[in-house]
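What follows is one structure encoded as structure tokens, with my remarks underneath.
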Amino acid sequence: MALVFDIGIVSLLIAIGAWMIMARDTLVAVIIFVVYGLLMSIAWVRLSAVDVALTEAAIGSGITGMLLLSAAARLRQTEGAGARPSFPVCIAAGSLCALISAGLAGVVLLPADVAPTLAPLAVANLSDTGLENPVAGVLFAYRALDTLLEKVVLLLALLGVWSLGSDRAWGGAPALGAYVPPNDILVFFAQVLPPIGIVFAAYMTWTGASHPGGAFQGGTVLAVMWLLVMMAGVARAPPISSTKVRWLLVAGPALFLAVGFLGFVIAAGFLAYPVDYAKALIVLIEVALALSIGVTLALLAAGPPERTPQP
Amino acid sequence: MQHSEWSMMMSSFLLVSAILVLASIAIGLVRILYSRQAADCMMAAQLVGTGGIAVLLLVAVATETAPTGDVALMLALLAAFASVAFVGGMRGTGSKAAEGADK
Amino acid sequence: MSSLLHAFTILAVSAGVVFFIAGTVGLVRFPDVPTRLHALTKADNVGLGLVVLGLLPYTGGLLGASKLVSVWLLTLLSGAIVTQLIARAVR
Amino acid sequence: MSSATLFGFCSAAIVGLGLFGLIVSPHPLRRILAFNLLGSGVFLFFGVVARRGAAAGLGADPVPQALVITGIVVAFSATALAVALVLRLFALTDEAAPTSEADPQAGAEGGHS
């Protein structure tokens with residue numbers, strides 16, 4: 001019976017994906033994308049990847065959807081610009097893609113005799129980190145360098161987005177409030193939901209050490225709540241020249257890096273944790289990272305500065 | 001013996017329920033997104049949020065996977081946010097498009 | 001005790017599924033946006049509430065149960081507010 | 001057939017769909033959307049690999065899961081950058097027709113002005 005359910009959700013996902021590609025209206029396509037992300041997190045739960053399900057629900061549908069939606073609303077006038085390629089080109093592209101899909105399906109059908117896995121290793125060394133969630137163990141202990149560099153990538157992307165603003169607006173604030181015309185209900189919502197969201201974000205970050213969750217999921221919830229507040233006009237987006245914002249942006253990666261270098265002194269090397277304090281250090285890093293991720297993701301979604309800075 | 005029989009039956013029952021809810025989400029989605037009215041599209045996140053949480057909880061209990069209360073909470077929060085974004089996106093700049101679609 | 005609880009779960013979840021299906025029927029059949037909105041949010045929220053109620057015995061503890069109940073309360077809150085937002089947007 | 005295989009087929013189909021959308025969509029925003037779909041198919045493939053690597057009492061191998069989490073976050077930052085580029089492009093070219101041939105020229109124009 002579980003298989004029947006899986007067939008149902010798989011066919012729904014494929015149908016929604018195809019619909020998203022074919023939809024005529026870009027706004028509708030983005031809405032379908034959000035729906036797709038919400039359903040995809042059910043698929044991740046079916047694959048026993050609860051950590052990923054949380055991330056997909058938060059980032060894959062929520063914040064990406066909001067970003068694409070505001071862009072689609074702004075580009076409404078350019079809708080219909082450009083034409084689909086001619087029918088033969090579509091057929092050729094379609095058969096190429098079908099070929100690639102068939103190849104991938106073949107790979108799925110012919111798995112290795114012994115499925116490659118690092119799970120036993122990950123579990124065997126987990127006690128040294130003091131964590132109970134193996135995914136957090138991979139993210140913050142075994143492959144901590146990847147996670148650190150990912151934070152740097154986020155900051156670089158934010159720099160890229162900021163530098164796309166016009167010269168006049170440099171140092172100003174993103175114009176997010178203009179996207180939703182504020183009304184009293186939205187304001188009420190933006191006052192009621194964030195407290196709940198912030199509690200949930202703190203819980204996510206805290207519980208990540210032993211259960212599914214962590215800094216990414218917690219940070220994304222923070223970002224979403226801040227975006228809601230800015231969209232409703234309850235608080236304005238900060239100017240990008242604000243020193244406070246910039247400190248928040250670098251706090252997480254800087255602390256991570258500092259702990260990494262501390263590893264030379266108190267442990268085996270770069271990004272190594274002393275066994276006794278491993279969990280405390282990791283939780284400390286996660287808290288700082290959750291704040292930084294929240295601010296970074298929200299500003300990435302808010303886009304380049306558009307309001308000219310007030311002197 | 002009797003206990004396992006009960007739990008087998010219960011798990012099948014919960015899965016059938018999940019499939020039914022999933023099917024009703026799918027039909028609702030087709031109805032909403034094929035509509036000519038912009039307001040219908042804004043309901044999509046609400047529909048999939050509520051229904052998706054029900055499906056998720058039913059399946060998680062039926063297959064005894066890890067507790068998924070957190071995922072359900074996350075879906076509830078994010079579906080609410082997505083609905084607000086939909087209303088803004090369809091209405092913020094698309095007023096003439098929305099009016100055009102209303103006719 | 002267990003068979004009574006099972007019966008309770010079956011009853012509540014079935015009722016919940018019926019509400020979900022009713023909500024979809026309303027969504028398909030109702031003529032205009034406000035009525036469809038009504039069908040979607042009212043019926044689906046009751047459906048989710050009944051499903052949550054039916055699954056409460058399986059949550060294994062007070063914490064899990066309170067988490068499920070708060071999921072439902074959150075859905076109720078956001079449902080009420082989003083309905084207002086959408087209804088104003090079409091007015 | 002196991003459910004992991006089923007999701008594997010799903011990921012293959014989604015990758016194909018995303019690639020198709022990337023090729024045939026005329027609007028840059030739709031291409032970003034298609035690219036996200038393609039990425040989500042690849043992530044799902046990783047999820048299938050993780051599920052098959054279930055061992056040591058875990059439901060799935062944690063290493064591919066961690067890779068996917070990192071991937072989702074990076075995909076979001078790339079999407080944000082791409083959306084900012086597209087918005088800037090349209091702001092500068094002022095409703096110029098974004099046909100696929102005109103794209104590189106429009107980009108160069110944007111760079112000069």
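Quick note on labels: first sequence line is chain A, next is B, and so on, each numbered from 1.
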Output for pair (A:Leu156 CG, D:Leu81 CG), nearest 0.5 Å, gives 10.0 Å
Only residue of A:Leu300, A:Ile63, A:Ile59, A:Thr64 satisfying side chain to side chain contact (heavy atoms under 4.5 Å, CB included) with D:Thr79 is A:Thr64
Between the OG atom in D:Ser11 and the CG atom in A:Leu104, the distance rounded to the nearest 0.5 Å is 6.0 Å
The reported gap from CE in A:Met20 to CG in D:Leu33 (rounded to nearest 0.5 angstrom) is 4.0 Å
Quiz item: So, does D:Arg30 use its side chain to make a donor-acceptor pair with the main chain of A:Ala29 at under 3.5 Å?
Solution: no
Between A:Ser48 and D:Arg51 the two heavy atoms that sit nearest each other are OG-NH1, 3.3 Å
Kindly indicate whether the side chain of A:Leu67, heavy atoms from C-beta on, has any atom under 4.5 Å from the side chain of D:Phe76.
-> yes
Looking only at A:Ala23, A:Gly106, A:Ala102, the option with the highest number of non-hydrogen pairs under 4.5 Å against chain D is A:Ala23
Value for CG (D:Asn36) from CG (A:Leu68), rounded to nearest 0.5 Å, stands at 6.0 Å
dist A:Ile32:CD1 -> D:Leu37:CG (nearest 0.5 Å) comes out at 11.0 Å
When the 4.5 angstrom heavy-atom criterion is applied to D:Val83 and chain A, the contacting part is side chain
Non-hydrogen side-chain atoms of A:Ser166 and D:Arg88 separated by less than 4.5 Å: yes
- Query: Would you call A:Met22 and D:Phe20 a side-chain contact if the rule is heavy atoms closer than 4.5 Å?
  - Reply: yes
Per-residue tally against chain D (heavy atom, under 4.5 Å) across A:Thr26, A:Val153, A:Asn133, A:Ile9 peaks at A:Thr26
One should read off an interatomic distance between A:Glu56 CD and D:Phe43 CZ, to the nearest 0.5 angstrom, of 8.5 Å
Max heavy-atom pairs within cutoff under 4.5 Å with chain A, candidates D:Ile69, D:Val63, D:Ile23, goes to D:Ile69
- Heavy-atom side-chain contact between D:Ile72 and A:Val52 under 4.5 Å: yes
Counting heavy-atom pairs under 4.5 Å with chain D, the top scorer among A:Ala43, A:Ala157, A:Ser101, A:Ala98 is A:Ser101
Ranked by heavy-atom pairs below 4.5 Å to chain D, first place among A:Leu54, A:Leu96, A:Val89, A:Leu297 goes to A:Leu297
- Message: side-chain contact (heavy atoms from CB on, under 4.5 Å), that's the test. Do D:Ser77 and A:Glu150 meet it? Break it down for me.
- Response: CA-CA 10 Å; D:Ser77 65; A:Glu150 180 204 356; over 6 Å; no
Closest non-hydrogen contact found for D:Gly21 with A:Ile21 is CA-CG2, 3.6 Å
Scored by heavy-atom pairs under 4.5 Å with chain D, the best of A:Ala49, A:Ala2, A:Gly160 is A:Ala49
Worked check of side-chain contact (heavy atoms from CB on, under 4.5 Å) between D:Val74 and A:Leu154: CA-CA 7 Å; D:Val74 171; A:Leu154 278 183; over 6 Å; no
For the pair D:Gln65 and A:Val138, evaluate side-chain contact (heavy atoms from CB on, under 4.5 Å) and give the outcome as yes or no after the intermediate values. CA-CA 9 Å; D:Gln65 287 188 55; A:Val138 175; over 6 Å; no
message: Counting C-beta onward and ignoring hydrogens, is there a side-chain heavy-atom pair between D:Ser40 and A:Tyr36 closer than 4.5 Å?
response: yes
Honestly, the part of D:Leu85 sitting under 4.5 Å from a heavy atom of chain A is both
| said: Taking OH in A:Tyr142 as the centre, count heavy atoms belonging to other residues, nucleotides or ligands within less than 6.0 Å. Is the count above 12? | reply: yes
When every non-hydrogen atom of A:Ile14 is compared with those of D:Ala13, the smallest separation belongs to CD1-CB, 3.7 Å
Margin query: Do D:Leu17 and A:Cys97 make a side-chain contact, defined as non-hydrogen atoms from C-beta onward lying under 4.5 Å apart?
Written below: no
With chain D, the option among A:Thr220, A:Leu109, A:Thr296 that has the most non-hydrogen atom pairs under 4.5 Å is A:Leu109
Please examine the side chains of A:Arg143 and D:Leu67, heavy atoms only from C-beta on, and report whether any two atoms are closer than 4.5 Å. no
Are the side chains of D:Phe45 and A:Val108 in touch, meaning some heavy atoms are under 4.5 Å apart?
-> yes
